[in-house]
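One structure below.
We name chains A, B, ... by the order of the sequence lines, and we start the count at 1 in each one.
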Amino acid sequence: MKKKSKTDPALAVDIAGLKMKNPVITASGTFGYGEEYAEYVNLNQLGGIVVKGLSLKPRLGNPPPRIMETTGGLLNAVGLQNVGVAAFLAEKLPFLRRYDVAVIANIYGESYAEYARVAEKLSAAPGVHALEVNVSCPNVKQGGLSFGANPKAAAEVTRRVKAATDLPVWVKLTPNVTDITVIARAVEQAGADAVSLINTLTGMAIDLRTRRPHLKNVTGGLSGPAIKPVALRMVWQVAQSVAVPVIGMGGILTAEDALEFMVAGAKAVQVGTANFINPLAAEEIVQGMRLYLKHHKIKNIAEIVGTLQV
Amino acid sequence: MKKKSKTDPALAVDIAGLKMKNPVITASGTFGYGEEYAEYVNLNQLGGIVVKGLSLKPRLGNPPPRIMETTGGLLNAVGLQNVGVAAFLAEKLPFLRRYDVAVIANIYGESYAEYARVAEKLSAAPGVHALEVNVSCPNVKQGGLSFGANPKAAAEVTRRVKAATDLPVWVKLTPNVTDITVIARAVEQAGADAVSLINTLTGMAIDLRTRRPHLKNVTGGLSGPAIKPVALRMVWQVAQSVAVPVIGMGGILTAEDALEFMVAGAKAVQVGTANFINPLAAEEIVQGMRLYLKHHKIKNIAEIVGTLQV
Amino acid sequence: MTEKAMARNIYLGEVSRNEEVRPDFFLMKIRLPAQFERPLPGQFVMVRVAGLQDPFLSRPLSIYACKQGPRFCTIELLYRVAGKGTRILAGLIPGSQVELSGPLGTGYRVDRTKKNIVLIAGGIGIAPLSLLVRELRRRSCRAADAMTVYLGARTETALVGLDALRQSCSRIIVCTDDGTLGEKAPVTKAFQRDLPKYNPADTALYACGPKPMIRSLAGLLNDQYFCQVSLEERMACGVGACAGCVVAVKDASGNKAYRRVCADGPVFELKDILWE
Amino acid sequence: MTEKAMARNIYLGEVSRNEEVRPDFFLMKIRLPAQFERPLPGQFVMVRVAGLQDPFLSRPLSIYACKQGPRFCTIELLYRVAGKGTRILAGLIPGSQVELSGPLGTGYRVDRTKKNIVLIAGGIGIAPLSLLVRELRRRSCRAADAMTVYLGARTETALVGLDALRQSCSRIIVCTDDGTLGEKAPVTKAFQRDLPKYNPADTALYACGPKPMIRSLAGLLNDQYFCQVSLEERMACGVGACAGCVVAVKDASGNKAYRRVCADGPVFELKDILWE
Ligand SMILES: Cc1cc2nc3c(=O)[nH]c(=O)nc-3n(C[C@H](O)[C@H](O)[C@H](O)COP(=O)(O)OP(=O)(O)OC[C@H]3O[C@@H](n4cnc5c(N)ncnc54)[C@H](O)[C@@H]3O)c2cc1C
Ligand SMILES: Cc1cc2nc3c(=O)[nH]c(=O)nc-3n(C[C@H](O)[C@H](O)[C@H](O)COP(=O)(O)OP(=O)(O)OC[C@H]3O[C@@H](n4cnc5c(N)ncnc54)[C@H](O)[C@@H]3O)c2cc1C
Ligand SMILES: Cc1cc2nc3c(=O)[nH]c(=O)nc-3n(C[C@H](O)[C@H](O)[C@H](O)COP(=O)(O)O)c2cc1C
Ligand SMILES: Cc1cc2nc3c(=O)[nH]c(=O)nc-3n(C[C@H](O)[C@H](O)[C@H](O)COP(=O)(O)O)c2cc1C
Ligand code: FES
Ligand code: FES
């Protein structure tokens, strides 16, 4: 690794007690379990990795086709295919532990109890540094979005997970709601240590030739730069509504995008779909942030968070 | 004008009693009062024109900058700048009456009473064929979105407008809600003759250089192909939830896009932002629909509406 | 030509030349059908690469020159690489197709009663003013020394259009911020010094440049002169339909109103502009 | 080369040739840094035009040929214009830059114990199989007549890669749907007729083509043969991270599972595939 020069700006952030060397995290579902990108990306350069959403039992996921490109975006209905929490701990986590990077487990349950069980199992394992509670997946029948769009249910999931773990708990919010600040405040009051947003916007694509949906699941979640304006707006709104840290995402491709989210109030950012079109995206964003701060003589990244002048 | 050949497929549609020669309508706010595009487009070729949102008094609109490009989309915060209903009737409508095209007046009020007054004034004038009630503008302080996101308020606006007019009433829905079918059913029960959707998604863009929003109004409405997947999904959901005709829009650029909305359940479509990047878009869409139907030996456009197989 | 070319004011054009005339400044020649209307100085076109949807919107560029022939009309655009859209334009090679509508907007109004013609250009603001100078000479038969041009730029290499301008105008005062050519001063400073020479009654002023330049000009002239300026705002439609490109002005009754730069402008009377 | 080229498996390549070899079929040569790994037949690359974000995702294309030199590695892609992404690729001129990652995925496994090698290609499925044929000749020292290729296409002009194939293989059975060249039959029909000649014990089959072709092959072979097929699904990441490109298979215990075409494939054992 490169030695830090004296004039290097400070990129380190602390999200509810979790210290990361920089605020750039790869987003759940877009970076596998880390190992998939290990030969492309120097994982040690990242602030954190959020692994693919984990459930108690392995999940098959939805039948294909699962993805479709749209203008500036990607629709997906993967349906939380994952190895399950036990296999994650046995087969995937040991690999991640070899790196100097925060590991955040994204968790999903079909019931309050399942959320709690998954949280409990992950908390016992060394090497998981925080939990991100997915109450916002649009691609599963049970749980997911139905919890996330309802402030009471979202709060209850948060309480149960908090009771089951000592790890910092991030709650990941859906944008498919009338007022995201209501949900954000509800989970904050229920004990969330941070909120991350946004998950995907529910969308659809149609194959005119067959008059069928392009996705077997009919609808899917829209991600990528197409949704960035919506994501930025919500991050800005939520950052003004809650006291806990906000982790922003949605269409971030470049360091400039990431910094815009931070100016809007995000203390850290996640990079999702960008990994697909440029596996080096997250690393390049870290590097770009460093250059930006240097160039603007900003000593610490914290100085720009929430500095939007309206 | 070209003579219709015997084998020409039928494109005519009837939306709640309003007969249009084809289902392609230009969307409110994207086609001015028609006259702006008259030297580019043969207005007689269009099914209908929805004029810029009208309020009782002229409105200045929001201070500039009002627009910003995003990936595959456009953010706008025009804020309903318009000449007011009186000037519309005196100065704009006479021009439109010269054309063989349905004229739909998009209306906006800051109160229930204002909506009713605007509706009343427009109904007295020959040459307005339907009203489209905008309960979904994200760019104004009063009215607009605050009515559209609440089923009770949206229903009340609909009732008041219905009571004030004999014209068919379309209610235009906002996508910035948790469940758009709830609003759609509420306005249907309150007497809406049709629903049109979607209006813009609320979004934001930030100028990293100045750390200010790109729009003076801070937030704006996102339109264009970036939002098409969300629009298609909502049109499909609403078409299954209400019995009244659905008029679909959101990111339509081509005849193929328009036909996808119709397959999802829209009886007619509106073309918005596309006009900006190709003033001939609406005309080309009519032509493209005709070719598609011919090529697939479909006699009447109605045959494809709502034919999505899921 | 395709059907698109048949519609009024909308054309498919072919790039016949696209050269970097100064670092980051390009001159593009576009061949259009002969029916392209003769542009007034100050008018602009909306242009996009045919078939490309990224960037999403067309970009407004002033018409820098126009030559009409029996079979074709060739227009020239002089532009600065400011961001993504102009960077992509700069990459076009001869033969590339562009979608283009125009000429759009209002042009400068030439007041034949004024004997002094003074033009003030900041940076790429030279583009519409160059066309104005040439048209003034051609149509109003002005002598090359009947006009004075104040031309400012950041630095010498950003002084585009100067050589061409010399062919139609003999009185050119050049300023650069860094003094690499001409006076080391803002162009408005040089103009301010000469201002007493220009009598409001027989002087017509035309300006184009960045907003701060226009604004300080407004301060200097204090509504005493006939002065037309060309403004720039981000545009979506370019034809007056979206109300996206507005600027605040005083309307006939002195009240604040928003006018569309694309359709009510881009040329405005300086004294009408409201500086907020 | 830029920094990007330094990262493992991610490269900036330069198009050195891009020709329409048949209507709608193109052959693109891309010059890459020498460290580009030697690809296995069946492996693919994800490719996109450098700097362009429309289309949004990279496109997967099989490696059709690869020549490694001391300073550069040149790969060839043989592709059909299927939609927007490939249409844009088809428009690239020599000198254009592409972002490319690879080689990706699994390759065909060559079973040296089998004496009959049979390859079945439908349409553009010829691309990965051509590389396999050349590698078989080179590495396993197979004779040109030790392999049989069944090659099918819609029509003669869609029979790409045939001439090149003739240089490495002397037994080629050609079929077209419309009979314009070779037999007028689906390629699987021609293969079915010859099937009795191939003993399961000493035959290795390799196939690539549209899904219906692979499916009817599965019906013919009935799990009796060693048969590897290369599948195509829409892809986002190409490296196994998104689980977007899955296909249903029987797992080791015979249960249904979804495998990623990009990372677990694109080459699968035909008998593992679940046809739902
Ligand atoms: C009527 C009119 C005529 C013009 N004529 C010329 C000309 O002849 N030559 C020339 O070089 N430029 C001209 N411009 C400016 C030109 O349109 C912008 O530089 C261009 O649109 C920027 O696009 P971009 O994608 O390269 O930059 P972007 O990435 O969109 O923006 C880069 C920077 O330019 C600013 N900008 C963007 N659009 C405009 C705009 N419409 N007006 C002013 N600033 C803008 C942005 O705020 C940003 O700071 C004209 C503008 C107008 C409105
Ligand atoms: C591992 C792999 C190797 C491939 N190798 C080659 C090759 O060597 N030569 C070649 O011509 N093509 C190959 N393909 C197919 C090629 O990737 C698609 O044709 C291409 O992505 C279509 O992109 P488009 O934008 O042109 O078309 P789109 O507009 O995206 O789609 C056009 C049509 O092609 C279908 N399609 C889109 N993506 C794929 C895909 N990934 N696989 C199959 N069908 C698709 C769509 O459903 C649609 O019907 C390969 C695909 C895979 C997965
Ligand atoms: C293929 C795919 C799979 C995803 N899976 C998950 C998941 O398992 N859990 C989760 O919380 N979010 C998931 N997401 C959402 C992303 O983490 C992220 O919130 C979203 O994509 C917006 O960010 P982006 O635009 O940068 O991709 C997934 C996104 C994609 C594209
Ligand atoms: C500049 C602009 C102004 C708009 N003004 C109005 C309006 O006055 N009333 C209204 O109901 N919708 C208005 N809309 C929304 C459009 O009518 C349409 O619902 C939306 O843009 C989505 O369609 P599109 O993606 O095809 O543009 C406006 C949209 C734009 C881009
Ligand atoms: S750009 Fe649309 S009104 Fe000027
Ligand atoms: S394309 Fe992402 S897992 Fe295969």
If I compare all heavy atoms of [X] with all of [Y], which pair ends up nearest, and what's the gap?
X	Y	value
B:Ile67	C:Met235	CD1-C, 3.5 Å
C:Tyr258	B:Gln81	O-NE2, 3.4 Å
B:Pro65	C:Arg234	CB-NH2, 3.5 Å
B:Ile277	C:Ser58	O-OG, 4.4 Å
B:Glu36	C:Val239	CB-O, 3.8 Å
B:Thr273	C:Phe56	CG2-CE2, 3.5 Å

Do you know which of [options] has the most heavy-atom pairs under 4.5 Å to chain B?
options	value
C:Cys245, C:Ala248, C:Cys242, C:Ala263	C:Cys242
C:Ala257, C:Pro55, C:Gly85, C:Gly238	C:Pro55
C:Met46, C:Glu233, C:Arg59	C:Arg59

Counting only heavy atoms not in [X] (residues, nucleotides, ligands), do more than 12 fall under 6.0 Å from its [atom1]?
X	atom1	answer
C:Lys211	NZ	no
B:Arg97	CZ	yes
B:Glu256	CD	no
C:Lys84	NZ	yes

Please flag which part of B:Tyr37 lies under 4.5 Å from any non-hydrogen atom of chain C: side chain, backbone, both or neither.
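Answer is side chain: those atoms of B:Tyr37 sit under 4.5 Å from chain C.
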Drop me the distance from B:Phe276's CZ to C:Leu57's CG, to the nearest 0.5 angstrom.
8.5 Å
Report the option among B:Gly29, B:Pro63, B:Gly61 that has the most heavy-atom pairs separated by less than 4.5 Å from atoms of chain C.
B:Pro63
For the side chain of B:Arg66 and the backbone of C:Val246, is there at least one donor-acceptor N/O pair under 3.5 Å apart?
no
